[in-house]
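Basis for what follows: all heavy atoms, side chains included, without hydrogens, waters or symmetry-related copies. Whatever order the structure lists them in is the order used to number ligands and atoms, beginning at 1.
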Amino acid sequence: MGTEENNKPLNFIEEIIEEDIRNKKNDARVHTRFPPEPNGYIHIGHAKSICLNFGMAQKYNGKCNLRFDDTNPVTEDVEYVDSIKEDIHWLGFDWEGREYYASDYFDKLYEWALQLIRMGKAYVDDTTAGEISELRGVPTQPGTESPCRKRTPDENLDLFERMHNGEFPDGSRVLRAKIDMASPNMHMRDPVLYRIKHANHHRTGDKWCIYPMYDWAHGQSDYIEGITHSLCTLEFEVHRPLYDWCLNQIAEGSYRPRQIEFARLNIDYTVMSKRRLLQLVNEGYVTGWDDPRMPTICGLRRRGYTPESIRNFVDIVGLAKRENVIGFGLLEFCAREHLNKIALRRMVVLKPLKIVIDNYPDDREEDMEAENNPEDIAAGTRTIPFSKELYIEQDDFLEEAPKKFYRLTPGSEVRLKNAYIIKCTDVDKDPSTGAIREIHCTFDPETRSGLAGANRKVKATIHWVSARHALDVEVRLYDRLFSKADPDEVESGKDWKSNLNPGSLTVITAKAEPQLVQDNPDNKFQFLRMGYFCFDKDSTPQHLVFNRTVTLKDDWAKISKK
Ligand code: ATP
Ligand code: MG
């Protein structure tokens with residue numbers, strides 16, 4: 001994708017692919033697939049798999065299919081199918097119409113299962129799931145063969161057909177491959193290929209009451225689609241002999257898909273399993289799959305992340321063959337890097353403190369010109385209204401300031417961004433509480449841009465908003481979803497949810513420059529000195545709502561070191 005990729009050393013998957021191309025394996029074709037199970041929204045981990053699968057196809061002039069791995073009717077839903085497609089497109093990839101479903105292959109998989117039975121390589125087993133797993137034994141000792149293993153192909157054909165016809169209840173029988181009950185690889189000890197599930201499937205309806213297992217469906221689906229490189233995560237490494245075994249039973253000719261495993265992406269301070277994310281949604285810990293604190297693609301999108309920043313992140317993380325955990329800060333770094341280039345600069349005061357400029361005429365208003373983005377001159381300029389009463393950040397004023405505090409303090413000067421230099425002359429406090437009500441200042445009329453004093457140096461420049469013109473806007477500030485880097489690190493008797501960070505969301509009302517009400521809701525913004533922001537989907541012209549995507553600096557890392 002990126003141009004720099006051409007100079008990078010090949011990763012281990014690229015090495016394999018290039019060797020296969022050199023050897024003219026599978027006619028030197030490259031055909032990958034992204035195979036989500038439509039049982040949840042996809043997350044940043046899936047983005048890694050998406051970038052890899054579509055990326056390899058792009059790099060080697062190949063193709064990448066989208067295949068829904070919909071073999072488990074109980075947890076799957078079209079809502080998820082639609083969201084997954086939207087998210088892949090948003091990330092910048094396209095399957096060019098090759099949208100497939102494992103369920104489209106149920107007939108073919110059934111036929112192949114019959115073929116296996118006829119070859120004496122599969123049998124119907126009536127032992128329970130518990131017994132099967134017990135009899136499978138332990139890796140260091142051979143398992144025990146099921147009494148059903150001796151059934152003849154005819155008996156098996158009859159029973160399997162009756163399973164298929166719905167004669168037996170859920171869990172009463174399974175079809176197993178007859179491989180090797182003594183194999184040191186537990187997955188080769190007569191794995192289950194089909195189970196009975198009287199359940200409605202989101203695509204095939206009530207047509208089936210037996211459903212293929214992953215191991216029987218995945219490789220065969222790869223084969224049907226002509227996949228050459230079946231890229232998956234490390235937990236499938238131990239399944240690979242079974243993947244190959246299944247294919248060798250049914251494949252004709254020399255074409256074979258090849259399974260290659262890579263380490264899944266893990267990120268600290270979050271969870272990535274769909275089952276857990278679903279739990280957070282269902283139990284109301286977050287507002288939905290697209291809650292901006294979620295590591296889902298739709299959550300990151302709503303939070304203001306760009307596809308470019310996610311792709312760059314995946315690229316920087318690279319490919320590994322061993323499990324590892326990536327710091328969330330790296331994802332934030334990638335967001336900042338891209339947003340800095342594209343974000344429109346705006347002034348918004350998050351914690352307002354009123355200032356009054358005593359020597360500025362009561363009814364005067366000026367339009368100050370300001371750059372929209374110093375990184376991108378083409379973004380143009382805007383005007384910001386200036387008047388006698390302004391808001392600045394509470395943090396930009398200290399009554400009794402230490403030496404190194406260069407912002408506003410009694411007697412000191414600061415520059416107001418795009419406007420004048422002001423000097424603090426007085427502090428107005430509530431006599432009963434001592435709380436500051438407003439700050440009195442004077443301005444130096446010569447310091448406006450274009451005038452003689454425009455270049456006069458002061459130590460600090462701060463942002464501000466004209467009180468009279470300010471918009472009250474809702475701003476949502478986020479922190480990590482979990483308080484622990486590893487949410488599984490829990491005290492005894494508690495579960496991972498006890499590590500949810502109670503301070504992960506703070507909602508405030510801020511004072512914003514009026515331009516924002518006219519801004520395109522799809523734009524990204526930098527609120528000067530406060531971070532990168534975007535409109536939330538809850539925003540309306542009457543009530544603007546913003547999410548902070550990320551702060552300007554990695555202040556979080558500093559805090560956590562304390
Ligand atoms: P989860 O554990 O979140 O439920 P999954 O592996 O069951 O994930 P699938 O829908 O089966 O989810 O995944 C689709 C593809 O994405 C698979 O090839 C899977 O290996 C890959 N994938 C899932 N999670 C990650 C991850 N964290 N990093 C990289 N690839 C992933
Ligand atoms: Mg899976």
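Within ligand 1, the atoms closer than 4.0 Å to a non-hydrogen atom of T233 are 19 (C), 20 (O), 29 (C), 30 (N), 31 (C), numbered from 1 in the order shown. The atoms of ligand 1 that sit less than 4.0 Å from any heavy atom of M272 are 3 (O).
When all heavy atoms of R548 and M530 are compared, the closest pair comes out as NH1-O, 2.8 Å.
Polar contact with ligand 1: absent for F34 (N/O pair, distance under 3.5 Å). At under 3.5 Å, not a single nitrogen or oxygen of N39, backbone or side chain, sits near a nitrogen or oxygen of ligand 1. Every N/O-N/O distance between K48 and ligand 1 stays at or above 3.5 Å. Residue contacts with ligand 1: E235 is placed with no nitrogen or oxygen under 3.5 Å of a nitrogen or oxygen of the ligand (distance criterion only). Close N/O approach between S273 and ligand 1 is not found [any backbone or side-chain N/O within under 3.5 Å]. For ligand 1, the polar-atom distance check against F236 finds no nitrogen or oxygen pair separated by under 3.5 Å.
Counting heavy atoms only, P35 comes closest to atom 14 (C) of ligand 1 of the residues C51, P35, S49.
With a 4.0 Å heavy-atom cut-off, ligand 1 is reached by no atom of R275.
Side-chain atoms of S504 and R293 form a donor-acceptor pair, as typed in the model, at a separation below 3.5 Å. For the residue pair D125/T127, the side-chain donor-acceptor check at 3.5 Å is satisfied.
A donor-acceptor pair under 3.5 Å is absent between the side-chain atoms of N65 and the main chain of R67, judged by distance alone. Using a distance-only test at 3.5 Å, with no hydrogens or angles considered, no donor-acceptor pair links the side chain of N156 to the main chain of Y123.
Using a cutoff of 4.0 Å between basic side-chain nitrogens and carboxylate oxygens, R256 and D244 are not scored as salt-bridged.
Stacking of K497 on the aromatic ring of Y285 is not recorded, the 6.0 Å distance cut-off and the 45° axial limit not both being met.
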